[in-house]
Amino acid sequence: MYDVIVVGGGHAGCEASNIAAKMGMKTLLLTMNKNNIADMPCNPSIGGTAKGIIVREIDALGGLMGIVADLSHFQIKMLNNSKGPAVRSLRAQADKRVYPKKMLEFLEKNSNLEIKEGMVEDLLVENNVVKGVILDNKEIILSKTVILTTGTYLKANILVGDTSKEEGPHGEKRSNYLSDNLKKYGLNIIRLKTGTPPRIKKESIDFSKMQEELGDPTFHTFSFDIKPTYDINLQQKCYLLYTNENTHNIIRKHLSESAMYGGYATGVGPRYCPSIEDKVVRFADKEKHQLFLEPESIYYDEWYLQGFSSSMPTYVQEEMVHSLTGLEHAIITKYAYAIEYDAINPLQMNANLENKILKNLFTAGQINGTSGYEEAAGQGLMAGINAALKIQGKKEFVLKRNEAYIGVLIDDLVTKGVKDPYRMLTSRAEFRLILRSDNADLRLRSMGYELGTISEEQMNRLNKKIEDIKLLSEELKNKRLKITKEVSNKFKLNNMEIPKNNPTYEELLKRPEVTFEFLDEYHHFDYDNEVLEQVSIELKYNGYIKKAIKEANKLIKIEEKEIPKDIDYHKIKNLASEARQKLSEIRPRTIAQASRISGVNPADITILAIYLKKEYNHE
Amino acid sequence: MEDTICAVATSPGIGAISIIRVSGKDAIKIVNNIFKGDNLKEVASHTIHYGYIMDENEVVDEVLVSVMLKPKTYTTEDVIEINSHGGINTTNRILELLLEHGCRLAEPGEFTKRAFLNGRIDLTKAESINDLINAKSDQARMLALNNLKGALWEEVGKIRKKLVEVMSNIEVNIDYPEYEDIEVVTHENLLPKLNDIKNKLEEMLRNSKNGRIINEGIQVCLVGRPNTGKSSILNHLLGSEKAIVTNIAGTTRDIVEGSMNLNGYLINFIDTAGIRETEDKIEQIGVAKSKEAIKEADIVIVVLNNNEKLNKEDEEIINKIDPDKRIIFVNKSDLANKLKIEKDYVIGNTINIDGLDSLKKAIIDKLNLGNINIKDVTYISNIRQIDLLKKALNNVKDAIKNIEGLMPIDIVEIDINNAWQHLGEITGEVYQEELLDTLFSKFCVGK
């Protein structure tokens with residue numbers, strides 16, 4: 001008998017099984033193919049805007065994605081450096097061969113974790129409580145909890161032109177029966193769609209006609225626990241290229257042959273991830289669209305043509321690719337395809353990712369209607385933690401919207417549901433100024449420590465950082481810069497206002513344009529870069545950070561007002577009918593969550609609050 | 001319940017006294033800041049104080065203030081009630097002042113809600129309170145719907161659209177930094193856009209401050225030479241309808257002289273230069289001032305003296321006014337006729353109170369003609385909207401300040417976003433996915 005069975009070895013499944021095992025759970029990871037563990041079937045990168053922050057949060061809570069990406073990338077950069085502290089985010093080009101290998105190494109180190117190949121066909125359910133899984137060979141494996149992280153494999157269809165194959169990515173077997181069985185238990189199944197662009201053989205690309213895209217000349221790591229080990233100068237290049245009028249003409253001419261426009265697909269595709277057909281149709285007046293060529297691995301010569309996902313027939317894809325400058329003689333090693341799959345309506349989950357209908361069943365990743373490796377991993381981590389907490393009889397672990405992007409992600413899923421696959425964007429986070437890349441450890445590490453997913457050693461590292469931040473802040477308050485003629489000149493030369501009255505370093509650093517680097521020649525503050533960065537951000541954006549914290553604190557108060565799980569919304573008089581229906585369906589956990597549901601008005605919230613006060617003496 | 005709320009506790013527009021209630025932990029402090037009289041921080045609980053509400057050095061109103069300290073109050077919080085005998089405009093100005101000093105306008109039923117949640121009201125009354133809140137919010141919804149029509153909606157909508165376009169562009173720059181073919185929002189190209197929006201918002205606020213559009217209703221002005229009897233006509237019109245006359249010395253910004261309800265229309269009489277003057281104080285009416293009043297009004301009543309000949313000035317005024325909004329009233333029909341006029345007119349006098357009903361009928365006829373441009377009247381119809389406009393303007397100013405202070409774009413955007421949300425509260429249009437929808441419909445991004 002296992003404590004936790006994780007079904008699916010993708011990014012969600014890896015984090016879920018690892019963290020549950022780390023929390024002392026006897027864990028089984030079931031995968032259809034051990035070679036596909038932590039596979040990256042789409043883009044060869046980890047991180048990106050907002051997503052990079054999720055990766056750091058995963059690391060802060062004791063997950064693996066950050067450290068594995070650090071050990072397997074061949075290019076890394078900090079995005080949005082100039083656009084402000086809240087939106088900086090790391091992106092790494094991860095090696096598609098190395099990443100899964102490293103991930104497997106980490107998983108295998110875990111003595112509580114067992115990995116087994118097998119296809120799950122059904123759940124073992126008694127009175128709406130999940131007791132284990134049933135494999136396609138009818139083998140029954142018992143467990144206290146089950147976490148489904150099946151990605152896009154539920155009834156997957158691969159679409160290329162008018163051909164539709166019943167299989168998952170890489171021609172793998174799809175899961176034919178599981179989603180029907182879930183439906184049988186009362187779950188609401190939705191159909192979604194996503195896609196991937198073609199892969200091109202390296203030797204057939206003429207890179208000389210394209211613009212180089214380089215990694216940063218400075219070191220970065222996702223993980224808070226390791227020092228960078230890569231060679232900055234050995235980072236691989238990516239390339240930028242464009243479509244042209246000829247490409248667009250080919251697409252227009254063959255539009256009706258594509259799976260999407262020919263009406264062969266039924267799933268709902270993501271808004272933020274349109275196929276090249278969509279782009280040409282929806283933005284008809286654009287003369288060219290930007291594309292990138294990214295290496296998938298340094299161990300094989302396949303390149304990923306980002307921005308060119310398509311569901312055209314293969315012969316049209318050939319024409320389309322050959323119309324691109326530099327790809328006139330390109331050899332396509334894998335054609336672009338669209339994939340349709342079954343997912344669970346995420347409104348059926350609680351905020352701890354446990355299913356509302358089937359007890360002890362947790363779900364994470366694309367099965368919940370999201371898109372992206374990082375979104376999947378973040379959910380996997382939370383599902384693993386919550387499955388373990390449930391077994392331990394402890395209180396669930398739910399991150400609030402002001403605590404983590406992972407909190408925003410899950411709250412959005414269980415409060416608003418999805419219409420198309422959900423991708424994290426910085427604009428989804430109303431408190432993004434607090435949810436920064438640089439402070440993920442300060443936000444979350446001590447929570448991980450309490451959960452038992454962060455070690456004493458990791459905690460000591462955090463405490464040292466906190467201590468250093470305090471020391472440096474004090475030092476800056478007391479130390480003054482003497483404004484000599486040379487100092488004046490340097491400010492003047494840089495077009496900066498000349499400070500008066502020998503200001504403290506704190507006063508100077510409050511100015512957006514003044515950096516530690518700029519002041520270094522007058523005084524060198526001997527601290528780690530992360531400490532300097534943290535203090536600098538806190539000084540420069542203090543007013544706005546404080547405001548955001550104040551707003552967030554207001555939220556916390558109502559966030560803590562929990563709604564009893566057995567509440568019957570039909571008994572509450574005067575609720576508007578739309579509010580009643582939405583509240584009954586979504587069953588929000590707290591008053592705050594209720595207030596975020598569209599169609600629930602402030603008046604309804606007041607009525608709800610009054611009802612709770614009356615019926616439950618709710619404060 | 002951290003914040004301090006305020007609202008008019010009496011029904012607006014009815015009765016000579018209105019009570020403005022303030023409740024919350026800063027109630028005493030806030031009212032004390034705008035009150036000239038006893039120091040309210042030091043007075044005993046449940047006492048009443050005489051004094052003035054001040055807007056800096058200007059007297060807004062002469063008031064009685066009741067101070068009630070917690071917990072023995074309606075809401076169990078500190079409560080202050082301001083008894084004002086001013087009309088709608090004065091009440092609104094006091095509310096505005098309270099908002100400026102840190103109050104928040106109460107939601108419908110919020111005082112009762114606080115009383116309930118603080119345990120002040122018996123639980124058995126809960127259901128009826130629910131009804132109350134629902135009824136009030138339905139009214140509020142109706143009100144919001146009415147406001148949706150009108151020019152305000154259009155204007156605010158335009159500004160919001162500009163803001164959301166800027167924001168979606170910033171967001172796409174942030175979330176898709178690798179797209180080099182998308183225009184990047186920079187400090188330089190953002191500044192003129194924000195200045196433009198700032199000017200628009202300021203103009204809207206200026207219009208509201210002039211007073212002419214503070215109230216919903218039809219703006220009517222009386223023009224004519226000083227000896228024609230405009231004040232008497234006005235007094236008779238207002239007096240007979242038990243109207244609210246807000247003619248308090250010192251309230252120089254109160255331009256609305258009085259309001260009356262005529263067949264369901266709220267009629268506001270606008271002060272013109274001549275109206276305040278007494279009959280015996282003969283002064284030459286300034287043509288320029290009349291012109292201004294004429295421009296602002298929805299209906300202009302030209303008052304002529306039956307006992308005098310038409311002079312050049314009279315003719316000039318008559319011809320200046322659009323016939324669709326012009327009513328000529330020939331006063332002093334009790335005196336000998338010396339006036340000759342070829343246009344349509346209503347005749348009467350205020351001595352025998354003759355012809356005034358005909359004048360009212362003429363006003364209603366004008367309204368029913370549908371020719372009046374009341375679009376402007378609904379412009380900024382209530383205090384809540386003015387408050388939100390001010391907040392939006394301050395947000396835009398902060399954003400401009402941050403651009404000038406070289407703050408990064410994500411910080412600048414915070415204030416733009418706040419402005420957008422405040423304006424959204426005016427039009428009732430805040431839907432969460434709006435920004436993302438705009439982003440993905442305007443910009444072509446993705447794998």
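Here is the naming used below: chain letters follow the sequence lines, and residue numbers restart at 1 for every chain.
- Under the 3.5 Å distance criterion, with hydrogens and angles disregarded, no donor-acceptor pair is assigned to the side chains of A/Ser45 and A/Gln93.
- For chain B, the nearby part of A/Arg91 is the side chain; its heavy atoms alone come within less than 4.5 Å.
- Using a 4.5 Å cut-off between heavy atoms, B/Ile174 touches chain A through backbone and side chain atoms alike.
- Note that CD1 of B/Ile411 is 12.0 Å distant from CD1 of B/Ile416, once rounded to the nearest 0.5 Å.
- Residue contact with chain B, scored on non-hydrogen atoms closer than 4.5 Å, is absent for A/Ser89.
- Residues meeting the salt bridge (charged side-chain N to carboxylate O under 4.0 Å, His left out) test with B/Lys198, sequence neighbours left out: none.
- Counted within 6.0 Å of NZ on B/Lys70, heavy atoms from surrounding residues, nucleotides or ligands total 12 or fewer; the atom is thus considered open.
- Looking at A/Lys51, there are no atoms closer than 4.5 Å to chain B (heavy atoms on both sides), in backbone or side chain.
- In this structure, the ring pair (Phe, Tyr, Trp, His ring centres under 6.0 Å) partners of A/Tyr373, at least two apart in sequence or on a different chain, are A/His11.
- Interface check for chain B: of the options A/Glu513, A/Arg432, A/Glu497, the most heavy-atom pairs under 4.5 Å are formed by A/Arg432.
- Only the side chain of A/Leu240 comes within less than 4.5 Å of a heavy atom in chain B; its backbone stays farther off.
- Of the two parts of A/Gln211, only the side chain, counted from C-beta on, holds a non-hydrogen atom closer than 4.5 Å to a non-hydrogen atom of chain B.
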